[in-house]
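What follows is one structure encoded as structure tokens, with my remarks underneath.
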Amino acid sequence: MLKVLTALSGLIGVADQARELRDAGVHGVFTFEGPHDVFAPLTVAAGVGGLDLMTNVAIAFPRNPIHLAHQANDHQLLSGGRFVLGLGTQVRAQVEKRFGAAFDHPVDRMVELIAALRAIFESWDTGGRLDFRGDYYRHTLMTPTFSPGPNPHGAPPIYLGALGPRLTRAAAEHADGLLVMPFSTKRFLHQRTMAAVRTGLQRAGRHAAEFAVVPEVIVATGATDAEREAAEAATRMLLGFYASTPAYAPVLAEHGWQDLQPELNALSKQGRWPEMGARIDDEVLHTIAACGTPAQVAAHIRDRVDGISDTVCIYQAAPIAPALIGEIVSELR
């Protein structure tokens with residue numbers, strides 16, 4: 001069966017939410033960079049127990065590797081070794097204008113950040129000298145006062161969220177896993193993403209078994225026809241937002257929908273957000289998102305990830321009741 005993770009929403013009541021999801025059969029929970037800190041809900045969820053925890057994703061460049069290392073190490077301890085540090089680059093405008101951080105050479109910077117994290121983890125584990133000197137990061141001091149020492153569960157794995165071929169190849173070369181962005185399709189995953197993964201693994205001399213690929217699938221479901229219609233409407237709005245971003249144009253182009261991106265981008269710049277969802281027709285909706293009853297959603301997920309992964313992340317475009325997520329999990333058995 002597929003291992004299923006789903007997103008935690010909000011911050012208040014996270015423990016109850018995590019407990020309900022665990023009891024419904026979900027194997028783990030993840031968070032993303034939204035209106036709340038990406039790590040805080042996972043700190044609370046760790047106290048529930050029995051759940052895998054993942055940042056999907058923490059935006060890397062605004063954070064210092066030492067900060068990331070401490071947060072990842074602490075959550076690995078709190079979860080009993082069930083934490084994955086998922087990192088992402090975001091896009092230039094968000095990193096430079098919202099975070100006020102540097103975005104130059106994002107692939108090279110991310111590769112070096114992963115190396116810096118591993119150097120920090122090794123220093124803590126062995127007690128050896130920290131001496132990392134790169135083009136973007138430099139860490140040459142780690143006194144006993146600031147070292148947490150060896151983690152009994154080992155260093156947390158580092159997964160990288162990627163869409164473009166260069167970053168996907170870099171993930172396969174240097175990270176422990178790939179987090180496939182939710183704005184994707186079966187064709188793009190199998191033909192584009194996995195081709196880049198195979199190239200990256202070959203360059204690094206690694207075997208596929210050493211590298212995890214975790215697709216994230218946007219899901220629209222409900223207990224009634226009315227709820228499913230409302231979920232699909234919310235999903236069209238979400239896809240309209242994603243499709244307006246130049247970074248996601250390759251997914252659209254793969255299916256011959258390349259003219260949709262500049263049209264949606266123009267609408268976004270005019271603030272005509274309600275109209276963007278209306279531009280997402282049924283073909284686009286059902287190719288990118290898993291829609292319908294829990295059984296139909298599970299069938300879409302199985303078809304997309306078959307032969308690729310034994311783990312999937314469910315992205316809730318509109319809140320899905322834990323019982324319904326439990327039905328999806330049951331169907332995936």
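Keep in mind it's a predicted model, so treat the numbers as computed, not measured.
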**Study point:** Within 45° cone of F132 ring axis and under 6.0 Å: R138 NZ or CZ
**Key:**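 Output no; distance or angle outside limits.
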
Look at [X] together with [Y] and state whether they make a salt bridge at an N to O cut-off of under 4.0 Å.
| X | Y | result |
| --- | --- | --- |
| K186 | D306 | no |
| D310 | K3 | no |
| R236 | E275 | no |
| D131 | R133 | yes |

**Study point:** Step-by-step side-chain contact (heavy atoms from CB on, under 4.5 Å) determination, L51 to H27
**Key:** CA-CA 6 Å; L51 288 167; H27 304 88; over 6 Å; no

Should the heavy atoms of other residues, nucleotides or ligands under 6.0 Å from [atom1] of [X] be counted, would the total exceed 12?
| X | atom1 | value |
| --- | --- | --- |
| H67 | NE2 | no |
| R192 | CZ | no |
| Q202 | CD | no |

Practice item. Check whether any side-chain heavy atom of T235 lies under 4.5 Å from a side-chain heavy atom of L285, and answer yes or no. Key: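 SC-SC contact between T235 and L285 confirmed.
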
Determine yes or no for a side-chain-to-main-chain donor-acceptor pair under 3.5 angstrom, with [X] supplying the side chain and [Y] the backbone.
| X | Y | answer |
| --- | --- | --- |
| T293 | Q296 | yes |
| R203 | R198 | no |
| H139 | L117 | no |
| T126 | E122 | yes |
| T221 | G292 | yes |
| E112 | Y137 | yes |
| S244 | F241 | yes |
| R129 | M142 | no |
| T55 | V57 | no |
| E263 | L260 | no |

Practice item. Decide whether V197 and Y159 are clustered together by the hydrophobic rule: side chain heavy atoms of Ile, Leu, Val, Met, Phe, Trp, Tyr closer than 4.5 Å, transitively. Key: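 No; Y159 is not reachable from V197 via cluster members.
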
Exercise for review: Give a yes or no on whether F32 and M54 share a hydrophobic cluster (residues Ile, Leu, Val, Met, Phe, Trp, Tyr; joining criterion: side-chain heavy atoms under 4.5 Å apart).
Suggested key: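 No, it is not one cluster - the side chains of F32 and M54 are not joined through contacts under 4.5 Å.
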
Point to revise | Distance-only polar pair, side chains of T287 and H255, donor-acceptor under 3.5 Å | key: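 No pair is found: no donor N or O on one side chain lies under 3.5 Å from an acceptor on the other.
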
Exercise for review: Give a yes-or-no answer on whether the side chains of Q191 and R187 include a donor-acceptor pair shorter than 3.5 Å.
Suggested key: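 The criterion, which ignores hydrogens and geometry beyond distance, is not satisfied for R187 and Q191.
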
Point to revise | ring-ring contact (aromatic ring centres under 6.0 Å, His included) partner of H70, chosen from F39, F146, W124, F121 | key: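 Answer to the ring-ring contact (aromatic ring centres under 6.0 Å, His included) test with H70 among F39, F146, W124, F121: W124.
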
Practice item. With sequence neighbours left out, write down each residue that passes side chain to side chain donor-acceptor pair (under 3.5 Å) with Q316, or none if nothing qualifies. Key: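 Side chain to side chain donor-acceptor pair (under 3.5 Å) check on Q316 returns T6.
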
Practice item. Start with the C-alpha distance between F183 and T245, add both sets of side-chain angles, then the distance that settles side-chain contact (heavy atoms from CB on, under 4.5 Å), and finish with yes or no. Key: CA-CA 11 Å; F183 193 88; T245 306; over 6 Å; no

Check your understanding: Does the pair T140 and L130 meet the rule for a side-chain contact (heavy atoms from CB on, under 4.5 Å), with working shown?
Key -> CA-CA 5 Å; T140 59; L130 176 60; over 6 Å; no

Point to revise | salt bridge (charged side-chain N to carboxylate O under 4.0 Å, His left out) between R279 and D259, worked out | key: CA-CA 11 Å; R279 297 295 200 277; D259 293 341; over 6 Å; no

Check your understanding: Which pair of heavy atoms, one from S184 and one from V251, lies closest together, and at what distance?
Key ->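 Nearest pair, atom of S184 first, then V251: CA-CG1, 4.1 Å.
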
Review point. Closest approach of A290 and V217, non-hydrogen atoms and distance?
Key: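 A290 and V217 have their closest heavy atoms at CB-CG1, 3.9 Å.
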
Check your understanding: Which of these passes side chain to side chain donor-acceptor pair (under 3.5 Å) with Q94: R98, E96, R92, K97?
Key ->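 Only one option passes, and that is R98.
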
Check your understanding: Who pairs with P182 by side chain to side chain contact (heavy atoms under 4.5 Å, CB included), at least two apart in sequence or on another chain?
Key ->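 In terms of side chain to side chain contact (heavy atoms under 4.5 Å, CB included), with neighbours along the sequence ignored, P182 is linked to E216, I218, Y242, Y315.
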
Exercise for review: Walk me through it: do F61 and Y136 pass the test side-chain contact (heavy atoms from CB on, under 4.5 Å)?
Suggested key: CA-CA 10 Å; F61 301 153; Y136 308 99; over 6 Å; no

For residues 7-21, run the donor-acceptor check on the side chains, cut-off 3.5 Å, and write out each pair with its distance to 0.1 Å, sequence neighbours left out.
{"residue": "S9", "atom": "OG", "partner": "Q17", "partner atom": "OE1", "Å": "3.3"}
{"residue": "D16", "atom": "OD1", "partner": "R19", "partner atom": "NH1", "Å": "3.0"}
{"residue": "Q17", "atom": "OE1", "partner": "S9", "partner atom": "N", "Å": "2.8"}
{"residue": "Q17", "atom": "NE2", "partner": "S9", "partner atom": "O", "Å": "2.9"}

